[in-house]
Amino acid sequence: MSGQGTFDQYTTIQWIAAVIVAIISFPIGLAVPIYFYIKSNNGTAAEQGAWEAWGVILAGIIGIIAVELGGETGGKIAIAIVVLLPILLIVAAVLGSFVLGLGGTAGAVAPVAAAL
């Protein structure tokens, strides 16, 4: 083989990850392996770097849009969003619980103070 097959332009791990994403987030996740297949058939997958491929795998349709619009930088931004979003949601939930008065100790002290 000359190494120019449809599945040769992305690594085996990237194809496996794309299929896992497709299975987990079916039917919308099918966009990831379809995107890889189209890029491979066009021969433009060889121009993509690892940041772009993993940005598409991890961020799905948003990653595809980011990579098509921003290239490697778009891939990095998509990965950053996927990594930082859960952290920001946890921080927001903790801060929100304190704002609503659910995270402090004031509620636990009030019954003890009333008993004294």
L85, CG atom: more than 12 neighbouring heavy atoms under 6.0 Å: yes
Rounded to the nearest 0.5 Å, how far does CD1 of I77 lie from CD1 of I62? 13.0 Å
Under 3.5 Å donor-acceptor, S25 side chain and I28 backbone: no
With a 4.5 Å cut-off on side-chain heavy atoms, are W51 and V56 touching? no
Starting at CD1 of I57, measure out to CD1 of I13 and round the result to the nearest 0.5 Å. 10.0 Å
Minimum-distance pair of heavy atoms, taken over all atoms of A66 and A78: CB-CB, 4.2 Å
Does this structure show an ion pair linking E68 with K39, if we count only N-O contacts that are shorter than 4.0 Å? yes
When rounded to the nearest 0.5 Å, the distance separating CG of L89 from CG of L84 is 11.0 Å
Has E52 got a side-chain atom pairing as donor or acceptor with E72's backbone, closer than 3.5 angstrom? yes
Scanning both residues in full, the closest heavy-atom pair of Y37 with W15 reads N-CH2, 3.6 Å
How long is the straight-line distance from CG of L88 back to CD1 of I81, given to the nearest 0.5 Å? 10.5 Å
Can you hop from I90 to V99 via hydrophobic side chains spaced under 4.5 Å? no
Cluster check V21, V82: I/L/V/M/F/W/Y, side chain < 4.5 angstrom: yes
Using a 4.5 Å cut-off on heavy atoms from C-beta on, say whether the side chain of Y35 contacts that of S40. no
Looking at CG of L69 and CD1 of I64, how far apart are the two atoms once the value is rounded to the nearest 0.5 Å? 11.5 Å
Minimum heavy-atom separation for A18 and V32, please, with both atom names. CB-CG1, 3.7 Å
I'd like to know if the side chain of Q14 reaches the main chain of T11, judged simply by a donor and an acceptor atom lying under 3.5 Å from each other, with no hydrogens or angles considered. yes
Considering all heavy atoms of both residues, which atom of V67 and which atom of G75 are nearest to each other, and what is their separation? CG2-CA, 3.9 Å
